[in-house]
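Beneath this line is the structure, given in structure tokens, with notes to follow.
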Amino acid sequence: MAKLLSCVLGPRLYKIYRERDSERAPSGVPETPTSVTNPSSSSWDTYYQPRALEKHADSILALASVFWSISYYSSPFAFFYLYRKGYLSLSKVVPFSHYAGTLLLLLAGVACLRGIGRWTNPQYRQFITILEATHRNQSVENKRQLANYNFDFRSWPVDFHWEEPSSRKESRGGPSHRGVALLRPEPLHRGTADTLLNRVKKLPCQITSYLVAHTLGRRMLYPGSVYLLQKALMPVLLQGQARLVEECNGRRAKLLACDGNEIDTIFVDRRGTAEPQGQKLVICCEGNAGFYEVGCVSTPLEAGYSVLGWNHPGFAGSTGVPFPQNEANAMDVVVQFAIHRLGFQLQDIIIYAWSIGGFTATWAAMSYPDISAVILDASFDDLVPLALKVMPDSWRGLVTRTVRQHLNLNNAEQLCRYQGPVLLIRRTKDEIITTTVPEDIMSNRGNDLLLKLLQHRYPRVMAEEGLRVVRQWLEASSQLEEASIYSRWEVEEDWCLSVLRSYQAEHGPDFPWSVGEDMSADGRRQLALFLVS
């Protein structure tokens with residue numbers, strides 16, 4: 001009876017991976033008392049095949065879940081319509097509640113039938129036995145067996161806790177339950193007295209900004225957090241995850257962040273291979289509709305690096321919602337996991353980010369300055385110009401206030417606090433981070449990210465002459481034009497390199513540098529072009 005109840009309340013099982021020889025337990029190691037025999041036949045190398053009763057019950061519950069999601073997103077309009085039609089009176093609401101209660105009872109009955117279907121399936125019974133054993137005892141053997149299954153990640157046991165590192169328990173400077181530290185925007189009206197009257201005047205605007213950010217704004221900024229999109233992408237995500245686990249020996253783990261969100265991660269370890277790059281770990285930060293299952297993790301994997309991918313809060317197996325504070329909290333626990341559980345040093349970690357993932361990448365670079373390097377692909381400097389592009393001009397004040405208070409992705413400001421090497425990759429026809437049209441390459445906000453970084457690190461070089469020639473180089477629409485500008489100013493690379501090395505040897509590596517202070521205008525132009533290229 002207990003097993004039947006576990007089948008009723010258990011998670012949905014998607015796939016049973018084929019067992020890899022490298023993961024088989026050594027014959028000389030005895031199994032723990034709570035461990036369970038591992039599936040070994042080739043028939044397990046397939047998607048989980050539910051019995052007819054479970055399959056049809058699952059379809060009904062999945063359809064009900066989609067309808068509930070649609071109802072949730074359309075509820076404001078439905079409420080307004082029902083109010084106008086007079087359907088919200090007590091005489092109408094009571095019968096409706098009876099219908100809703102009946103429907104819930106029917107769905108509960110369907111869930112029980114699904115549980116019976118699972119109970120009659122030996123594959124599911126074996127899976128639920130392994131899952132319960134792992135929750136009771138997270139031994140290496142039990143975790144190894146559980147890793148052979150792909151199921152609803154909400155039921156996966158927590159592998160790493162944000163408070164697990166002993167140094168964090170002893171220090172007061174680490175994150176609290178409220179979250180890690182973020183850079184806060186300056187007040188819009190500096191010098192204004194913060195009186196009670198001013199607070200009352202601001203209250204309607206603050207309420208409006210809050211509602212916009214938590215309804216329309218967040219979903220426009222992170223469409224990957226929308227349930228309907230995730231539902232549509234589910235087959236693709238399952239296929240991508242199977243590739244990472246079966247072909248790349250990836251290991252999933254659930255991390256608990258300081259805000260209580262559970263972060264879905266996958267780790268591919270290349271340290272035991274002949275590839276020298278495998279000693280370096282690349283932490284990948286995905287875009288606003290990206291998932292590690294089908295995201296940018298493939299690039300460092302193909303290059304032979306060890307890779308740690310993770311999903312934004314609210315994406316796939318991760319819980320929560322992707323606001324900046326939650327994003328930073330998630331990134332913090334991912335880095336801590338890489339250091340304290342996976343055993344990498346900060347000097348061996350590279351952060352690689354795509355698009356909006358630049359926020360968490362630059363936050364990690366700012367908060368962990370010993371990180372080896374940062375690579376930002378198709379990223380931007382600040383969210384406000386991009387948000388203003390897609391909203392009406394009459395909403396300018398509301399959009400700016402909403403972004404600054406609730407969705408402040410200040411990538412450039414964070415990146416300027418990092419002292420290490422940075423590689424920026426600009427897409428020449430990017431229609432997402434341009435403020436006009438993709439063909440207008442100077443409206444690409446990746447240019448602004450580069451300029452702000454260079455102006456912070458080399459303020460004397462990026463004075464009037466240097467800034468002007470760098471803008472000309474950025475306006476070039478082809479590599480041929482870039483080379484033409486480079487040769488026009490006769491850039492002597494050996495000379496530029498020797499100037500930078502001698503300055504570093506004399507003054508140290510910390511930015512900003514005053515190099516170029518006593519240099520001619522022609523020298524500053526050469527140095528600026530050398531740095532930007």
Side-chain angles (χ1 to χ4, degrees), residues 158-186 213-214 218 221-222 225 253-265 281 283-286 288 292 308-315 317-342 344-347 349-353 356-374 376 379 382-383 403-420 422:
V158 173
D159 296 287
F160 184 83
H161 194 282
W162 69 280
E163 283 186 323
E164 187 169 320
S166 57
S167 59
R168 294 209 154 186
K169 296 177 183 177
E170 298 168 0
S171 68
R172 295 183 180 180
S176 65
H177 288 278
R178 298 179 61 183
V180 297
L182 292 180
L183 297 179
R184 300 298 176 184
E186 295 182 358
H214 285 75
R218 190 257 296 175
L221 189 59
Y222 289 96
S225 64
K254 177 185 283 189
L255 317 183
L256 186 64
C258 59
D259 52 14
N261 288 336
E262 298 171 346
I263 307 303
D264 181 9
T265 68
L281 175 68
I283 299 179
C284 297
C285 305
E286 302 293 343
N288 64 350
Y292 72 67
L308 177 58
W310 62 283
N311 281 326
H312 297 283
F315 283 53
S318 297
T319 62
V321 288
F323 282 103
Q325 183 66 68
N326 297 347
E327 288 277 292
N329 295 341
M331 188 65 191
D332 180 66
V333 75
V334 168
V335 175
Q336 289 294 317
F337 175 69
I339 298 170
H340 296 283
R341 181 60 62 84
L342 302 182
F344 287 91
Q345 300 295 319
L346 281 172
Q347 295 81 1
I349 295 177
I350 300 170
I351 308 295
Y352 172 45
I356 210 170
F359 172 74
T360 49
T362 54
W363 180 89
M366 173 186 69
S367 304
Y368 296 91
D370 293 331
I371 280 174
S372 176
V374 175
L376 303 179
S379 196
D382 189 45
L383 182 61
V403 170
R404 287 285 176 249
Q405 292 180 356
H406 303 284
L407 303 167
N408 190 34
L409 305 185
N410 49 347
N411 298 352
E413 186 180 5
Q414 294 183 152
L415 187 61
C416 287
R417 304 206 175 196
Y418 175 60
Q419 299 284 329
V422 177

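We number each residue from 1, following the sequence as shown.
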Could you list the residues that satisfy side-chain hydrogen bond (donor to acceptor under 3.5 Å, both in side chains) with T362, not counting sequence neighbours?
Q414

Would you say the side chain of C285 lies within less than 4.5 Å of the side chain of I351, judging by non-hydrogen atoms?
yes

Provide the closest heavy-atom pair for P165 versus Q336 in the form atom of the first, atom of the second, distance.
CG-OE1, 3.4 Å

Report yes or no: does W363 contribute a side-chain atom to a donor-acceptor pair with the main-chain N or O of A181 at less than 3.5 Å?
yes

Closest approach of S318 to H312 (non-hydrogen atoms, all atoms of both residues):
CB-O, 3.2 Å

For T265 and L308 the tightest heavy-atom approach is CB-CD1, 4.1 Å

Counting only heavy atoms not in Q419 (residues, nucleotides, ligands), do more than 12 fall under 6.0 Å from its CD?
yes

Would you say the rings of F323 and H406 are close, in the sense that their centroids are separated by under 6.0 Å?
no

Residue pair L221 / I356, side-chain heavy-atom distance below 4.5 Å:
yes

What I'd like to find out is whether the side chain of L409 reaches to under 4.5 Å of the side chain of D382, using heavy atoms alone.
no

List the atom of L182, the atom of Q325, and the distance in Å for their closest heavy-atom pair.
CD1-OE1, 3.6 Å

Give a yes or no answer on whether the side chain of D159 reaches the backbone of K254 with a donor-acceptor pair at less than 3.5 Å.
yes

Using side-chain heavy atoms (C-beta onward) and a distance below 4.5 Å, is I371 in contact with Y418?
yes

Nearest heavy atoms of F359 and N408, plus distance in Å
CE1-O, 3.7 Å

Using side chain to side chain donor-acceptor pair (under 3.5 Å) as the criterion, point out the one residue from D259, N261, T360 that pairs with N329.
D259

Does the T319 side chain pair with the main chain of E262, one donor and one acceptor, at a distance under 3.5 Å?
yes

Can you see which heavy atom on N326 is nearest to which on P313, and at what distance?
O-CG, 3.8 Å

